[in-house]
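Contents: one structure, followed by commentary.
All of these numbers come straight from a predicted model, not from anything done at the bench.
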Amino acid sequence: MLSLIKLPRVFTINQVPKVFHEDSIISGYRHPRSSAIDCILSLFQLTNETLNIWTHFLPTWYFLWKLLMVVLMRDVWRDSFTWPLLVFLMSCCVYPLASSCAHTFSTMSTRARHICFFFDYGALSLYSLGSAITYSAYVIPDKWVNSSFHQYYIPIAMVNTVICTALACYSRLGLPYIQYNHDIIKRYQECQSPKLGKFLRILAFALPYLFDNIPLFYRIFLCVGEGCTDNDTNALHHTHIALAFLTAFLFATHLPERLAPGSFDYIGHSHQLFHVCGIMGTHFQMEAIEQDMVTRRPWLLTHSPPITFANTLGAALLSVGLSLGIIFLFSLPLLWSATRGEHMEKNTQSRPIAKGCQWH
């Protein structure tokens with residue numbers, strides 16, 4: 001059937017606007033004014049985004065299956081101890097789905113690209129909060145349970161979620177209405193100061209991860225003696241941490257394509273490896289969380305603060321609402337410019353070659 005359908009053509013880096021350029025990726029770009037159907041068809045042809053999409057779309061279904069198993073096999077409606085795990089698994093479903101959608105539809109237009117990745121950043125922030133909620137409930141070492149840090153851990157993680165969503169969005173375009181507005185569609189940070197934009201985005205992802213993992217880092221690297229929760233689950237936590245740092249390394253360095261530009265355009269570039277390592281890390285994180293949940297349950301139910309709607313699902317819903325508000329504020333100037341942008345970008349359908357950071 002697909003052989004009867006004409007698949008969209010691909011372009012080189014010199015044939016698409018700079019806003020679509022990826023570091024050291026020379027070819028395999030889709031048309032910068034692709035239709036939604038073209039974007040979907042591109043899933044079944046080899047472009048520089050194809051594996052980025054599938055490496056997150058397929059794991060979404062795996063995490064959804066894990067979520068359904070928890071809902072069907074456990075008494076989640078009456079057992080509040082399972083609620084942190086539900087929040088975490090829901091975030092594990094959301095972030096790869098948001099990422100795969102962003103990579104799929106980001107070539108519909110310049111503004112679509114920005115808005116798609118705004119949602120991607122928000123989903124990653126939600127995942128960080130889901131991790132914090134489960135760490136507070138199941139992973140925190142015995143000697144830190146009911147400490148002042150434990151009491152303020154989730155509220156601080158919620159603040160981090162909001163700040164880091166805003167910081168990641170800012171790293172892409174700058175401040176709405178100040179550094180870009182309905183008359184200017186520029187990728188401000190990456191044109192005026194690309195290194196700063198990259199640094200801010202890495203910071204936006206690293207800050208919540210490092211904070212969320214403070215109790216885990218202490219538990220497996222620093223804590224000695226009684227109350228350190230030294231059990232078999234720590235091996236899984238070590239694997240997750242190793243994969244997390246490998247994921248960050250790939251995102252920051254753009255290796256291996258930076259060593260041989262053009263050689264890894266379709267298969268093997270850093271963003272694909274970043275996706276694979278990230279998903280593997282999430283899998284081992286999930287396994288460790290579930291094992292801690294089961295093995296530590298009796299002790300935690302006796303000594304840990306009660307798990308409530310407010311510190312699980314309520315915290316996640318509030319953070320989602322605030323992050324969506326931030327995404328809306330950053331997207332609003334782009335949405336207001338839609339009419340003008342459509343008129344300008346129609347010219348690129350017959351002439352996709354563009355230079356600089358703005359549509360011509």
Anything under 30° is parallel, anything over 60° is perpendicular, the rest tilted; go ahead and classify Phe57 against Trp54.
perpendicular
Do the side-chain N and O atoms of Tyr121 and Ser171 include a donor-acceptor pair separated by under 3.5 angstrom?
no
Quick one: do the Glu257 and Ser270 side chains pair a donor with an acceptor below 3.5 Å?
yes
So that I can tick it off, tell me whether Arg30 and Asp38 are bridged by a salt bridge, with the cut-off set at under 4.0 angstrom between side-chain N and carboxylate O.
no
Over 60° means perpendicular and under 30° means parallel, so tell me whether His275 and His56 are parallel, tilted or perpendicular.
parallel
So, Cys228 with Cys223, SGs under 2.5 angstrom?
yes
If you define the side chain from C-beta out and look only at heavy atoms, does anything of Arg258 sit under 4.5 Å from Thr253?
no
Grouping I, L, V, M, F, W and Y whenever their side-chain heavy atoms are under 4.5 Å apart, do Leu222 and Val145 come out in a common cluster?
yes
Distance-only, no hydrogens or angles: does the Thr282 side chain make a donor-acceptor pair with backbone N or O of Gly278 under 3.5 Å?
yes
Tyr209, OH: over 12 other non-hydrogen atoms inside 6.0 angstrom
yes
Between Arg297 and Asp79, does any NZ, NE, NH1 or NH2 come within less than 4.0 Å of an OD or OE carboxylate oxygen?
yes
Report whether Met158 and Phe309 are members of the same hydrophobic cluster (ILVMFWY, side-chain heavy atoms less than 4.5 Å apart, transitive linking).
yes
Can a salt bridge be assigned to the pair Asp120 and Arg172 using a cut-off of 4.0 Å between side-chain N and carboxylate O?
no
Should the ring pair Phe11 and His31 be called parallel, tilted or perpendicular, given that the plane angle runs from 0 to 90° and is split at 30 and 60?
perpendicular
